[in-house]
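First comes the structure, then the notes that go with it.
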Amino acid sequence: MTWFLVHFAEIVFYSLAAVALAGAVGVIAFRSPVHAALSLLGTFLAVAGVFVLMQAEFLAAVQVLVYAGGVMVLFLFVIMLVKARDIPDEPQYVRRLVPAAVGLGALLAALVGVGIWAASGGLPADGAALRMVAGAPLGNTEAVGWSLYRDYLLPFEVVSIVLLVAMIGAIVMGRKESGRGGAA
Amino acid sequence: MANPWVAFLLVPLIKIVVILLAVILIAAYMSFFERKILAYMQIRIGPNRVGPRGWLQPIADALKLLVKEDIVPARAEKFVYFLGPVLVVAPALLVFSVIPFGPAFKLFGYEVTPYLTDVNIGILFILGVSSVGVYGVILGGWASNNKFSMMGGLRSAAQLVSYEVPMGLSVVTVLLMANSLSLVKIVEAQKQAGVWYFIPGIVAFFIYFVCGVAETNRNPFDLPEAESELVAGFHTEYSGMKFAFYFLAEYANMVVVSSIATVLFLGGWLPPFPNWLAAVWALPALAWIPPIAWFVLKMAAFLFVYIWFRGTFPRYRFDQLMDLGWKVFIPVSLVNLMAVGLGVLLIGGK
């Protein structure tokens, strides 16, 4: 009983991490695009669980709302509309990708390794930084709001403009040509 | 309550069982009231054979669905076909864990809260969890391997994603006024303000409820299951218990939308004008009314409006539905959000 209570957080963390990793493997292992998308959904939900464990409940809710509720639904929508078949078994195609995959994987592993090495000792273990506002522990929602709209206001606005440009671009490309000379 | 097993396991378990049973019963009886009210609106009598005046009809329906054969189409995607109803029912029921039905009260010396938990991101939790429910619909439609189901699932996904945006924006106006994401604190802020938020937030209130009707796929936005075009839409192939799950989720979601509308805009468990009429509500003749009764009364009013809509409006066309969502509701709720924000800045929140 006491052992269970003391290690509760670890037990939950390792279960969530296992689900997240299994989902990530599933994304590349499944042949059916719908199954791959579902595995990714599992990963997203497990990561949201990890956020809750860090007491970053705002991030968790946004993770579910945006990635699970928005992005993945649109993915599924597109997959179903274009009637993607299962990915065919094409050895030559896969073989050509092997060097690129190995290179990218090595780069990613190096980056993650350096990140962990640089942060070791510097990172708080319980994620308290995720709820600090001006040195006082207020809450995750407040902390995210504070850093977005106060500390990083300019980058935030710049990102919004970039997104707006992308949105307008999509609308322009999606619009039917309404040429003056009739049929386009 | 020194024993952690009691505090962390037993009490929540009892609450979970009570809330689940209540929700399932309400959902079952909603189908009965729907048939009855629609019948009276159309000058018919409605179900009146099972039990006195037909009151046992939902029980009979549930038993029938339980024992019916569960048919899986031969070329269906078996696992995803099974996953569909699960993914639609689980979020619909999970949401009830944070809905505050009343304030804390004393029972045998212990303080008891008539809700499972009050998380400080309550409303975001609800929006997030219910946005997962769309998977049940879209996957069920896809896995059935049937063109009607597929069309229904796609329609539903497009509709849900579109109407989530104005719905979220109208919820944000309430957050601006209440200054909190916790549902309990939102109700308490309305008590402090002395006014239910539907008065300052009348536009947001209207948009929220209309979007709520669209999010639950109910008439006049019931295009995903438009009988005249799509047979039964995404659940055409489903039978037995799996069909019952879709059915349960639809009615549970109606209860969710009604409960949230009650909490955000109609003051949750508060009586009308909690401050101005405080002396009236303290009268012995009225003081016995438990706060939870006000909550249930307001929620029932919304559920009645749902059925009223169904008895009144013809169905939208799909392009009309999309136009309404993107070209009317999103701009209007954006302007409304700015107006309310300005008002909170000038007058001050709470």
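Naming: A, B, ... by sequence-line order, numbering from 1 per chain.
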Using a 3.5 Å cut-off and no angle test, enumerate the donor-acceptor pairs between side-chain atoms of residues 8-17 of chain A and protein atoms at least two apart in sequence or in another chain.
unit_1	atom_1	unit_2	atom_2	d
A:Ser15	OG	A:Ile11	O	2.6

Under 3.5 Å, sequence neighbours excluded: what are the donor-acceptor pairs made by side chains of residues 58-79 of chain A?
unit_1	atom_1	unit_2	atom_2	d
A:Gln63	NE2	A:Phe44	O	3.2

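Taking each heavy atom of A:Glu57 and B:Ile121 in turn, the nearest pair found is O-CD1, 3.4 Å.
For B:Lys15, the NZ atom is densely surrounded, since the number of other residues' heavy atoms within 6.0 Å is greater than 12. Residue-environment remark: CZ (A:Phe156) exceeds the threshold of 12 foreign heavy atoms within 6.0 Å.
Distance check, rounded to the nearest 0.5 Å: CG of B:Leu87 to CG of A:Leu38 gives 7.5 Å.
For the options B:Val134, B:Ile138, B:Val129, B:Val80, heavy-atom pairs under 4.5 Å to chain A are most numerous at B:Ile138.
Contacts of B:Leu83 with chain A are made by side-chain atoms alone, with heavy-atom separations under 4.5 Å and no backbone atom involved.
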